[in-house]
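Counting from 1, the numbers follow the sequence of the chain as shown.
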Amino acid sequence: MHSGGRYSFSIADLPLYPHVKLTAEGFPRLLSTRKVDDDGSEYFGPFLTRSGARILIDFLNATFRLRTCTMPVDGSFPVPCTQFYARRCLAPCVESLCGREEYLDNVRLATLFLMNDRKEFGLSALALIDAAAERLEFERAAFFRDVLTKVKAFWANPRQNVWLDDAVDTYVVDREADIVTIFIITTRRMRTLGSWTCGFQVFDETDVRELLADVIAQLYPVGVPREVRVPFDFPGRHELSRRLSNKSGRPVRIIVEGQVPERVTALKALARTKLNLDLENLKPVLTPEKVQGQLVKRFSLSVPPSRIEAFDAAHISGTFTTAGMSVWQDGRLQSAEYRAALSEDAGEIATLKNFLFQRFSGTGGRRPELVLIDGGRAHVNAAVGVLRALAIDDIFVLGAVKPPRRHGEVSHFITVDGERVEFDPESAAMRMLRLLRDEAHELANSAHQQSRDMSHFYELAAILPSLNERERQVLMARLGSIKQIVSAEPTRIADVLGPMRSMLVRQDMEIYRRGDSNKPMPLIVPIRYDDPNGEAGDLRPIKTIHRTRLSE
C-alpha cells in the first residue's frame with residue numbers, strides 16, 4: 001500500500017470485483033469471493049462481467065469436479081454424496097473412487113485454466129491423457145479428453161472472456177465536503193464490464209492524490225488490466241506502474257487523462273454508476289459488537305449473542321423431509337458447521353423437533369445464545385418445547401416469518417412471547433438474520449431436492465454394503481442394472497470381483513432377500529460455491545450448458 005503521505009487509506013474491508021479462491025486444504029475447493037485475504041489460499045481474478053463470473057463458477061464445478069462440500073475429507077466415506085452422481089464432484093471422500101494425487105491432477109488443471117495459461121494447460125491435459133492411456137485407464141483418459149474439449153470451447157466463446165488482460169480501468173474522483181468518492185469503470189473496447197465505488201471520510205488537509213495512489217496500489221491483489229486511466233497525476237505513478245507490470249508479467253500503463261474521461265463508454269458507465277451508487281460501500285463497516293448491540297436492543301436480549309444458529313425444515317413432496325442448520329459466530333458465517341439431515345418424520349414440525357433434539361441433546365460443541373427458526377409461532381413453540389425438555393433455558397428463540405407467497409423474504413420476526421418485530425431492511429442485524437435464515441432454508445430445500453432425485457443411486461449400496469463403491473460401480477458397469485446384479489449367478493459375480501469378494505456379495509444378497517437390508521438413504525452434505533465471508537452471495541452459479549445426464 002502507498003504510504004508516503006500523512007494518511008493511509010485502506011480498502012481491506014471493502015468487497016472487490018469477483019475473484020475465485022482456491023482454498024488451502026488437503027483437498028482444495030474453488031469458491032467465488034469479493035475478498036482477498038492473507039489466509040494461505042490462492043486467488044485468481046478479477047473476473048467480469050458479474051454474470052460471466054457466475055457462469056465461470058458453474059463451468060469450474062461441472063468441468064473439474066472439485067468438491068464443494070464443507071465436510072472434512074479423509075477418504076473414509078462408504079458412499080459418495082449426491083454431487084458425485086450429478087457429475088459435480090470426484091468424490092475424494094471415498095478413497096476407492098478418488099485418491100489425493102488423482103484429485104490434485106484436477107486442481108493443477110483448474111489452476112492453469114484460471115491463470116489463462118492456454119499453452120501449459122493444453123500440454124498438461126495431453127500428458128494426463130497419455131499417462132492414463134498407458135496405464136490402460138481409458139475411462140480416466142476419456143475424462144481428461146472431455147476436460148480439454150470443454151476448456152477449448154470455453155476459450156473460443158468471446159462472450160465468456162472473463163479475464164481482464166485486455167481491459168481498461170478508468171478512475172473518476174469526486175469530493176464533496178469531507179467525503180471523497182472514487183468511481184472505477186472497467187471497459188473492453190466499447191463494452192462496459194463492471195463498475196466499483198468506494199468512499200472515504202477525509203480532512204481539509206487530506207491530499208486526494210495520496211488517496212488515489214493508495215486505492216490503486218491495493219485494488220489489484222491478483223490480476224491487473226492492461227491500462228489504468230486516472231484524472232490527475234500523483235507522486236509515485238511511474239513506480240506504481242512498474243510494480244503492476246512486474247506483478248502481471250506484461251506492461252501496465254497508468255495514464256493521466258484529465259478530470260473527465262474522454263471515452264464515451266466510460267462516460268455512460270460513470271453516469272449509470274453514480275445513478276445506482278451502492279450506498280452500502282459508503283456506510284461504515286459494522287463490527288460484530290455493533291451487530292450484537294442492535295440485536296440486544298431490537299429483541300430485548302439479556303446477553304449479546306456471539307453465536308447464532310438458524311434451523312429450517314422442508315417437506316414439499318416425496319419420501320423424506322429434510323432439515324438444515326446454518327451458523328453465525330463472532331461476526332462470520334461458519335459454513336464448516338452447517339448441517340443437513342434426512343428424516344422419515346411426517347411433517348415439518350416433527351422433523352424440526354427431531355433435528356433440534358439431536359443438535360442439543362449432546363454435550364459437545366459451543367451452544368448458541370440465539371436460535372433462529374424459519375417459521376411462525378408453531379415452529380417457535382416446537383423449538384422451545386425441545387429446549388425445555390432438555391432443561392435448556394439460556395437460549396433465546398426467534399422465528400423468521402415469510403410474507404405470503406414470497407418465500408425468499410422476511411416480513412417480521414416473532415418472539416417466544418408472541419411479540420411481532422417488523423423486518424427493517426436498514427438494520428444490519430436484521431439483514432444478517434435474514435441471510436442466516438436464507439442459508440438454512442437453501443440447505444434444507446437443496447437436501448430435499450437431492451434426496452428426491454438421487455435416492456435410486458443408493459439402492460445398490462443398501463443391497464451390497466460389504467463392497468466398496470468402486471466395486472459396486474464395476475458390477476453395475478459389467479452387468480448393466482441392479483436387477484441383473486440381484487439375479488446373477490454367483491459364478492458371474494466371481495468373474496467380475498473374484499471369489500473372495502463374491503462371497504461377500506452372496507452374504508449381502510441373503511440379507512437382502514430376507515428383506516432385512518437397510519433402506520437406501522442418499523448422503524446429503526452441505527455444499528458451497530462462494531466463500532461464506534467473501535460477500536459473494538450474489539455469485540451463485542449460472543448453469544448455461546445442457547444438463548448433464550446423471551451417472552448410470
Q: Classify the ring geometry between F396 and F299 as parallel (under 30°), tilted (30 to 60°) or perpendicular (over 60°).
A: tilted
**Q.** Shortest non-hydrogen separation from S41 to T23 and the atoms involved
**A.** OG-CA, 3.6 Å
(Q) Taking A429's backbone N and O only, do any of them form a donor-acceptor pair with Q294's side chain (distance below 3.5 Å, no angle check)? (A) yes
Q.
Among residues at least two apart in sequence or on other chains, which ones pass salt bridge (Lys or Arg N to Asp or Glu O under 4.0 Å) with K35?
A. E535
(Q) Working to the nearest 0.5 angstrom, can you tell me the gap between L219 CG and L14 CG? (A) 9.5 Å
**Q.** Neighbour count >12 (heavy atoms, 6.0 Å) for atom CD, E102
**A.** yes
Q) For F357, does the CZ atom sit with more than 12 other heavy atoms under 6.0 Å from it, leaving out its own atoms? A) no
Q) Between K21 and D37, does at least one N-O distance fall below 4.0 Å, as a salt bridge requires? A) no
Q. Quick one: does R472's side chain have a donor or acceptor within less than 3.5 Å of a partner on L467's backbone?
A. yes
Q) Does the pair R366/E337 count as a salt bridge with the N-to-O cut at 4.0 Å? A) no
Q: Indicate, with yes or no, if the rings of F59 and F113 have centres closer together than 6.0 Å.
A: yes
(Q) Please give me the minimum heavy-atom distance between Y512 and S517, naming the atom from each residue. (A) CA-OG, 3.0 Å
Q. So does K402 pair up with D374, basic N to acidic O under 4.0 Å?
A. yes
Q: Run the numbers on T63 and N61 for side chain to side chain contact (heavy atoms under 4.5 Å, CB included), then give the verdict.
A: CA-CA 6 Å; T63 302; N61 177 236; over 6 Å; no
Q: Evaluate the criterion salt bridge (charged side-chain N to carboxylate O under 4.0 Å, His left out) for residue pair E442 and R540; output intermediate values, then yes/no.
A: CA-CA 12 Å; E442 181 175 332; R540 304 294 171 88; 2.8 Å; yes
Q) Is a donor on one side and an acceptor on the other found under 3.5 Å between the side chain of N533 and the backbone of R332? A) no
**Q.** E139 atom CD, neighbour heavy-atom count above 12 within 6.0 Å
**A.** no
Q.
Would I308 and L433 count as a side chain to side chain contact (heavy atoms under 4.5 Å, CB included) here? Give the steps.
A. CA-CA 9 Å; I308 304 172; L433 291 179; 4.1 Å; yes
Q. Is R29 reaching over with its side chain to a backbone N or O of R528, donor-acceptor style, under 3.5 angstrom?
A. no
Q: Give a yes or no on whether N157 atom CG has more than 12 heavy-atom contacts from other residues, nucleotides or ligands under 6.0 Å away.
A: yes
(Q) Between V416 and V380, is the side chain to side chain contact (heavy atoms under 4.5 Å, CB included) condition met? List the steps. (A) CA-CA 7 Å; V416 174; V380 170; 4.2 Å; yes
Q. If you take all heavy atoms of P532 and L333, which pair is closest and at what distance?
A. O-CD1, 3.4 Å
(Q) Evaluate L16 against I11 for side chain to side chain contact (heavy atoms under 4.5 Å, CB included), listing each step before the verdict. (A) CA-CA 9 Å; L16 305 174; I11 62 171; 4.2 Å; yes
(Q) Could you check whether any side-chain heavy atom of V421 comes within less than 4.5 Å of a side-chain heavy atom of M430, counting everything from C-beta outward? (A) yes
Q. Is any side-chain heavy atom of S32 closer than 4.5 Å to a side-chain heavy atom of H19?
A. no
Q. With a 4.5 Å limit on heavy-atom distance, are the side chains of Q358 and N354 in contact?
A. yes
Q) Taking side chain as C-beta onward, heavy atoms only, is D312 less than 4.5 Å from R437? A) no
(Q) As an exercise, state the distance from SG of C93 to CD of E469, rounded to the nearest 0.5 Å. (A) 9.5 Å
Q. For the residue pair V401 and G376, what are the closest heavy atoms and their distance?
A. CG2-CA, 4.0 Å
**Q.** Criterion salt bridge (charged side-chain N to carboxylate O under 4.0 Å, His left out) on R100 and D74, from CA distance to verdict
**A.** CA-CA 9 Å; R100 186 164 186 269; D74 60 6; over 6 Å; no
Q: Return yes if a side-chain donor-acceptor contact under 3.5 Å exists between D417 and T415, otherwise no.
A: no
**Q.** Short side-chain to backbone donor-acceptor contact, R434 and E409, under 3.5 Å
**A.** no
Q: Kindly say whether A310 contributes a backbone atom to a donor-acceptor pair with the side chain of W328 at under 3.5 angstrom?
A: no
Q) In a check of side chain to side chain contact (heavy atoms under 4.5 Å, CB included) between P28 and each of L104, N106, L66, which one passes? A) L104
Q. Should the ring pair F423 and F413 be called parallel, tilted or perpendicular, given that the plane angle runs from 0 to 90° and is split at 30 and 60?
A. tilted
Q. Has the side chain of D531 got a donor or acceptor atom that lies under 3.5 Å from a matching backbone atom of L31?
A. no
Q) Rounded to the nearest 0.5 Å, how far does OG1 of T197 lie from CD1 of I184? A) 8.0 Å
Q: Indicate the atoms forming the closest heavy-atom contact of W196 with P15, along with that distance.
A: NE1-O, 2.7 Å
Q.
Are the side chains of R54 and P541 in contact, using a 4.5 Å heavy-atom criterion?
A. no
Q) Does I527 reach the side chain of M71, with side-chain heavy atoms less than 4.5 Å apart? A) no
(Q) With a 6.0 Å cut-off (strictly less than), is the heavy-atom count around CG of D39, excluding the residue itself, greater than 12? (A) yes
(Q) If I take atom CD1 from residue I414 and atom NE2 from residue H412, how far apart are they, to the nearest 0.5 angstrom? (A) 5.5 Å
Q: First locate atom CZ of F143, then atom CZ of F64, and finally report the distance between them rounded to the nearest 0.5 Å.
A: 8.5 Å
**Q.** Carboxylate-amine/guanidinium contact R339 E309, below 4.0 Å
**A.** no
Q: Kindly assign one of parallel, tilted or perpendicular to the pair W163 and F154, based on the angle between their ring planes and the thresholds 30° and 60°.
A: perpendicular
Q. Taking the side chain from S306 and the backbone from D330, do they hold a donor-acceptor pair closer than 3.5 Å?
A. no
**Q.** Heavy atoms from other residues, nucleotides or ligands near CZ of R377 exceed 12 (cutoff 6.0 Å)
**A.** no
**Q.** Donor-acceptor contact present, side-chain Y17 to main-chain G194, <3.5 Å
**A.** yes
**Q.** Check: T321 side chain, E348 main-chain N or O, donor-acceptor pair, under 3.5 Å
**A.** no
Q: Give, for atom OG1 of T70 and atom CZ of R67, the distance between the pair rounded to the nearest 0.5 Å.
A: 8.5 Å
Q | Side chains of T68 and C89 in contact at under 4.5 Å (non-hydrogen atoms) | A | no
Q) What are the two closest non-hydrogen atoms of A91 and L97, and how far apart are they? A) CB-CD1, 3.8 Å
**Q.** Residues Y85, Y458; criterion ring pair (Phe, Tyr, Trp, His ring centres under 6.0 Å); working and verdict
**A.** CA-CA 10 Å; Y85 294 111; Y458 293 84; 5.3 Å; yes
Q | Student check: side-chain heavy atoms of I482 and L460 closer than 4.5 Å | A | yes
Q: Under the salt bridge (charged side-chain N to carboxylate O under 4.0 Å, His left out) rule, what do D105 and R140 come out as? Steps first, then yes or no, please.
A: CA-CA 11 Å; D105 284 341; R140 181 167 168 79; 2.7 Å; yes
